Amino acid sequence: MKDMMLLVEPLIPALRRYARSLMRADAAGTDDLVQDCLERAITRWHQRRADGDVRTRLFTILHNLAVNRMRQRTRRGWDVPIGGAAEAATARPPTQEAGLRHRELLRALDQLPEEQRSVLVLVSVEDLSYAEAATVLDVPIGTVMSRLSRGRERLLRIMEAEAAGQPATLRPTTLRRVK
Amino acid sequence: MSPPITEDDLHGYVDQVLAPERRAEVEAYLAEHPEVARRVAGYAAQRDGLRRALGPVAEEPVPPQLSLARMIEARRPSAGIGPGRPSRRRCCCWRSVAPAAGLGAA
């Protein structure tokens, strides 16, 4: 299993990041998802294709687990916690203003439909190529591009609306109604 | 005459995956089309913002729950967990906390 340690272990931080950004969930829940992903990867390690890319394979497993989890929650009427990725990314930003911008951006990200959010994060943050993202999501590259385009445009509109609606100074925390 | 600039080219430009020649063609196009340039700048700033906002997660220390070595070890029959089935641990049990379990013990 030594090659597995060498190939998989370096990917764990990125897998945690992707799970955190995808799920409207708390951090502990997303680590459970990553654990499931790793367990599956271990189980199937000897069956893996020689020509398969390990990173793409792991992101595929994680993505499918996340989507299933989200679907289960929707069916059970899961109460979506406000913020999701915005709350879960708790690292201290360089400045207070940068922190506010980050939280707003992540809140906006949470508002995207899952299919746009996943493409946006895989491409913009996880540095997957369009082809790799297509493999992870099991869609044609054309679909990746159209989701990327819609996701970026929608995110831009949300942020512009935020900027237009908010005063320039710090705003008090408000309760945000969740759809 | 180069092929017309497409939406895909714009995203390729934002994601920095265009060949140098095509990148130059996109830049020339953007210089002539300020509205599009503004949109592309917005996408680029957004990409940068997402990387900064989410980057810290990947810098966090990996929690014990996600120790690959421990997961692999737990599947060995000698670990006493069972016939090689994965251990479904979700708590923070770690070597130093449960030495009696014999997991990872030298």
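We use all heavy atoms of the structure for the numbers below, so side chains are in, but hydrogens, waters and symmetry mates are not. On a predicted model such as this, the values are computed, not experimentally measured, just so you know.
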Side chain / backbone / both / neither for E7(B) at chain A, heavy atoms under 4.5 Å
side chain
Applying the side-chain hydrogen bond (donor to acceptor under 3.5 Å, both in side chains) criterion to Y13(B), which one of E25(B), R23(B), E27(B) satisfies it?
E27(B)
Interface moiety of [X] toward chain B, non-hydrogen atoms closer than 4.5 Å:
| X | result |
| --- | --- |
| L155(A) | both |
| E153(A) | both |
| Y18(A) | neither |

Going by atom types alone, do Y130(A) and D15(B) pair a side-chain donor with an acceptor below 3.5 Å?
yes
Residues R147(A) and E114(A) bridged, charged N to O under 4.0 Å
no
Chain B: which of M159(A), E9(A), R152(A) shares the most heavy-atom pairs with it under 4.5 Å?
R152(A)
If you count heavy-atom pairs under 4.5 Å with chain A, which of G42(B), G49(B), P63(B) comes out on top?
P63(B)
Identify which of R47(B), R39(B), H11(B) forms the greatest number of heavy-atom pairs closer than 4.5 Å to chain A.
H11(B)
What's the separation between atom CG in L38(A) and atom CD in Q65(B), rounded to the nearest 0.5 Å?
9.5 Å
For R40(A), which residues count as a side chain to side chain contact (heavy atoms under 4.5 Å, CB included) partner, sequence neighbours excluded?
R44(A), I61(A), L65(A)
Heavy-atom donor-acceptor pair, S124(A) side chain to V121(A) backbone, under 3.5 Å
no
